[in-house]
Amino acid sequence: MKQLMKSVRTKLFLTLFAISSGISSILAQDKSSTTTSTTNSTTTTVSIQPWMWIVGGAILLIILVALLRGGKSRDSVTVSRTTTTESNDV
């Protein structure tokens, strides 16, 4: 029972702390002074040439083919056996 009371107290304390910190941050904002700031931002766009897409696609295709073919060549091992039987017809 004591452990339950400690748990309830802890939860209550943390809840009150969260609410009070939220309220204090709201009340700390001052609306009496206004500041204006201007920012100049330039945006640069990166354009990739079409030949870069083609080269990238070709490299990706080569890598995929190498990975897919590499897995099958290791697993396929050919074993051939020849069995001869001798018959003793007397």
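Just so it is clear, the structure is predicted and the values come from calculations on it, not from any experiment.
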Each residue besides Ile62 in its hydrophobic cluster should be listed here, by chain and number; the cluster joins Ile, Leu, Val, Met, Phe, Trp and Tyr at side-chain heavy-atom distances under 4.5 Å.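 Members besides Ile62: none; it forms no cluster.
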For residues 13-20, run the donor-acceptor check on the side chains, cut-off 3.5 Å, and write out each pair with its distance to 0.1 Å, sequence neighbours left out.
unit_1 : atom_1 : unit_2 : atom_2 : d
Thr15  : OG1    : Lys11  : O      : 2.7
Ser20  : OG     : Leu16  : O      : 3.1
Ser20  : OG     : Phe17  : O      : 3.0

side-chain contact (heavy atoms from CB on, under 4.5 Å) against Trp53, all qualifying residues, sequence neighbours excluded: Ile48
Inter-residue atom distance Thr83.OG1 - Arg81.CZ, 0.5 Å rounding: 8.0 Å
Is there a path of hydrophobic side-chain contacts, each under 4.5 Å between heavy atoms, that joins Leu60 and Leu68? no
Taking a hydrophobic cluster as the set of Ile, Leu, Val, Met, Phe, Trp and Tyr residues connected by side-chain heavy atoms closer than 4.5 Å, whether directly or through intermediates, do Ile63 and Met52 fall within one such cluster?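 They do share one cluster, since a chain of ILVMFWY contacts under 4.5 Å joins Ile63 to Met52.
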